[in-house]
Amino acid sequence: MGIVSKMEKKPISRAGFDGLVKELKDLKEVQRPEILKTVQWARSLGDLSENADYSAAKEKQRQIDKRIQFIEDFINNANIIDVDSLSGDRVVFGARVVAEDEDGNRMQCRILSDIEADGKQVISCTSPVGRAMIGRCVGDTCIVKLPSGEREYEILEVKFKE
């Protein structure tokens with residue numbers, strides 16, 4: 001009997017999900033049709049082996065198609081979380097966190113999905129920082145394992161609304 005692999009639902013905020021749906025619509029309805037016209041035009045110029053316009057257009061088409069597939073897969077496995085309905089003093093997906101390291105450096109971030117993260121103000125829930133903070137409460141400390149070594153942070157504030 002084989003093991004059935006089930007895709008794990010990936011958390012995403014409503015705003016992040018809506019942004020992906022909007023991007024997917026733009027890719028399918030605007031960008032892809034435009035690049036297909038460019039590919040056809042470049043193909044009409046003749047010899048494809050030395051046609052830089054054709055090569056560039058085909059590469060752009062591949063990038064668009066790859067992004068469309070990625071977004072469709074993500075959307076199909078998305079677990080939309082209404083972060084505006086969350087509350088409490090425990091760090092969970094969607095929380096806005098203020099933390100301080102042992103040198104007194106403050107970090108303010110929001111814990112969201114990989115696809116929403118910018119690595120600065122929005123931290124991925126699967127990043128070392130996100131994983132270390134999730135489940136902690138105000139006053140707790142957590143150890144974050146970074147390439148430069150371990151850093152200890154104290155959770156100073158957890159909030160969910162601006």
Separation between CZ of Phe74 and CD1 of Ile71, rounded to the nearest 0.5 Å: 10.0 Å
Expected output: side-chain Arg110 to main-chain Gly94 donor-acceptor under 3.5 Å: yes
Gln108 CD: over 12 foreign heavy atoms closer than 6.0 Å: no
Shared hydrophobic cluster for Val97 and Leu86 (ILVMFWY, side-chain gaps under 4.5 Å): yes
Charged N-O contact under 4.0 Å between Arg62 and Glu59: yes
Atom of Ser113, atom of Pro11 and distance for their closest heavy-atom approach: CB-O, 3.0 Å
Note, Lys28 side chain near Ile68 side chain (heavy atom, < 4.5 Å): yes
Atom of Ala57, atom of Thr38 and distance for their closest heavy-atom approach: CB-CG2, 3.8 Å
Residue pair Ile12, Leu20: steps toward the side chain to side chain contact (heavy atoms under 4.5 Å, CB included) verdict: CA-CA 10 Å; Ile12 188 168; Leu20 282 181; 3.7 Å; yes
SB check Asp18 Arg14 (cutoff 4.0 Å): yes
Where Cys142 and Ile155 come nearest, the two heavy atoms and their spacing: SG-CD1, 4.3 Å
Carboxylate-amine/guanidinium contact Asp103 Arg151, below 4.0 Å: yes
Pair Phe93-Val83, side chain to side chain contact (heavy atoms under 4.5 Å, CB included): steps then yes or no: CA-CA 8 Å; Phe93 182 91; Val83 295; 4.1 Å; yes
Gly88 to Phe160 - nearest heavy-atom pair and separation: O-CE1, 3.5 Å
Sub-4.5 Å side-chain heavy-atom contact between Lys58 and Val39: yes
Atom pair OG1/CD1 of Thr126 and Ile134 - distance to nearest 0.5 Å: 9.0 Å
Heavy-atom side-chain contact between Ile115 and Lys10 under 4.5 Å: no
NZ/Lys161: more than 12 non-hydrogen atoms of other groups inside 6.0 Å: yes
Side-chain heavy atoms of Gln31 within contact of Arg67, under 4.5 Å: no
Heavy-atom side-chain proximity of Cys109 to Gln121 below 4.5 angstrom: no
Point-to-point distance, once rounded to the nearest 0.5 Å, from CG of Leu36 to CZ of Arg43: 9.5 Å
Straight-line distance of Leu24 CG to Phe70 CZ, nearest 0.5 Å: 12.0 Å
Flag side-chain contact, heavy atom, 4.5 Å: Leu27 against Arg32: no
Met133 versus Ala99, closest heavy-atom pair with distance: CE-CB, 3.7 Å
From CA spacing to verdict: side chain to side chain contact (heavy atoms under 4.5 Å, CB included), Val92, Ile111: CA-CA 7 Å; Val92 296; Ile111 311 288; over 6 Å; no
Stepwise side chain to side chain contact (heavy atoms under 4.5 Å, CB included) check, Leu156 with Arg106: CA-CA 9 Å; Leu156 302 177; Arg106 283 200 176 194; 3.5 Å; yes
Pairwise distance OG1(Thr141) to CD(Glu152) - rounded to 0.5 angstrom: 4.5 Å
Check: Asp65/Gln69 side-chain N/O donor and acceptor closer than 3.5 Å: no
Backbone of Asp101 reached by a side-chain donor or acceptor of Asn105 within 3.5 Å: no
Rounded distance (nearest 0.5 Å) linking atom NZ of Lys9 with atom CD1 of Ile80: 9.0 Å
Ser44 side chain vs Trp41 backbone, donor-acceptor pair below 3.5 Å: yes
Val122 backbone acceptor or donor facing Asp118 side chain under 3.5 Å: yes
Transitive ILVMFWY side-chain link Leu146 to Ile123, under 4.5 Å: yes
Side-chain donor/acceptor of Glu116 to backbone N/O of Ser13, under 3.5 Å: yes
